[in-house]
Amino acid sequence: MRKVCAESGAVPNTFCHHQILDYYRQGVSNAKPCEHMKAVIVNAMESTSYCKTCQPNTGTHEKLYANHAPELLSYFESHHIFHEKIPAHNPLCTRLFGNNKPPKIVFPVDGSEYFFDQLENQKLLLNCQVDSDVVFVNWYINDQFLQKAKASEGIFFTPKAGKNKISCVDDKGRNVDIEVLVRY
């Protein structure tokens, strides 16, 4: 028996105040510490977050936020479910915003295979991460325009069987392509 975090079932971390006993097998059970919370450096008003590169010398503190998966965050946003959000990152950060990076498609996962039931109207979620100055993105499936969406908005589409090329283009013209395989 060992103590685990009641939230995640993982080995307790320093922020895991609610712990329970659980069975484990030495050398088999996961020994990775819990990550259900994330320490973030924020300003005094908790309206801006910082990384070690752009953190000011004074006026900041560390705060714990729930460490949700991108798919869950997209679900919360699309269903208007309240959750405490990590504040926007410092827009003057040269590490994050000085690179002129293209969008990153976080779902679906590049190279993955998805199985759908033909009798159900199943859809696939499209979600991306972009620089803070991006307002909207355009989604393309197999080089055909699908939809314009807010940068933080997850959208759904019904994929065709076989390979699907998914492209995301931000409002600055930067793009990224991934490919997934869909089977019915």
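We use all heavy atoms of the structure for the numbers below, so side chains are in, but hydrogens, waters and symmetry mates are not. What you see is a predicted model, and the numbers here were worked out from it, not measured in a lab.
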Kindly give the heavy-atom pair with the smallest separation between [X] and [Y], and that separation in Å.
X      : Y      : value
Val137 : Val134 : CG1-CG1, 4.2 Å
Tyr114 : Pro108 : OH-CB, 3.3 Å
Ile105 : Ile178 : CG2-CD1, 3.7 Å
Pro103 : Val176 : O-CG1, 3.3 Å
His89  : Thr48  : C-CG2, 4.3 Å
Tyr184 : Asp117 : CD2-C, 4.3 Å

Measure the spacing between [atom1] of [X] and [atom2] of [Y] and express it to the nearest 0.5 Å.
X      : Y      : atom1 : atom2 : result
Ile41  : Cys51  : CD1   : SG    : 8.0 Å
His36  : Leu64  : NE2   : CG    : 8.5 Å
Ile166 : Asp177 : CD1   : CG    : 10.0 Å
Leu126 : Leu146 : CG    : CG    : 6.5 Å
Asn43  : Thr58  : CG    : OG1   : 11.5 Å
Gln55  : Glu62  : CD    : CD    : 9.0 Å

Hydrophobic cluster membership, with links at side-chain heavy-atom distances under 4.5 Å among I/L/V/M/F/W/Y: are [X] and [Y] in one?
X      : Y      : value
Val182 : Leu125 : yes
Phe116 : Phe156 : yes
Ile141 : Leu124 : yes

inquiry  = Would Lys148 pass as a cation-pi partner of Phe136, given that its NZ or CZ must be under 6.0 Å from the six-membered ring centre and within 45 degrees of the axis?
reply    = yes
Would you call [X] and [Y] a side-chain contact if the rule is heavy atoms closer than 4.5 Å?
X      : Y      : result
Asn175 : Pro102 : no
Cys128 : Phe107 : no
Tyr65  : Pro87  : yes
Cys93  : Tyr50  : no

Looking at [X], I want to see if its [atom1] is surrounded by more than 12 non-hydrogen atoms of other residues, nucleotides or ligands under 6.0 Å.
X      : atom1 : result
Tyr75  : OH    : no
Met1   : CE    : yes
Lys123 : NZ    : yes

ask   = Does Leu92 offer a backbone N or O that forms a donor-acceptor pair with the side chain of Asn90 under 3.5 Å?
value = yes
Identify every side-chain donor-acceptor pair in residues 5-27 under 3.5 Å, counting partners at least two apart or on other chains, and give the distances.
| from | atom 1 | to | atom 2 | distance (Å) |
| --- | --- | --- | --- | --- |
| Ser8 | OG | Ala10 | N | 3.2 |
| Asn13 | ND2 | Cys34 | O | 2.9 |
| Gln19 | NE2 | Cys16 | O | 2.8 |

Trace of the side chain to side chain contact (heavy atoms under 4.5 Å, CB included) decision for Ile155 with Phe157 = CA-CA 7 Å; Ile155 64 168; Phe157 82 104; over 6 Å; no
key: Test side chain to side chain contact (heavy atoms under 4.5 Å, CB included) applied to His61 and Val42, step by step   = CA-CA 6 Å; His61 65 278; Val42 294; 3.6 Å; yes
task = Describe, in one word, how the ring planes of Phe76 and His83 are oriented to each other, choosing from parallel (under 30°), tilted (30 to 60°) and perpendicular (over 60°).
result = tilted
key: Side-chain ion pair, Glu84 and Lys63, N-O less than 4.0 Å   = yes
task = Before giving the answer on side chain to side chain contact (heavy atoms under 4.5 Å, CB included), spell out for Val180 and Val109 the whole-Å C-alpha distance, their side-chain angles and the decisive distance to 0.1 Å.
result = CA-CA 7 Å; Val180 297; Val109 177; over 6 Å; no
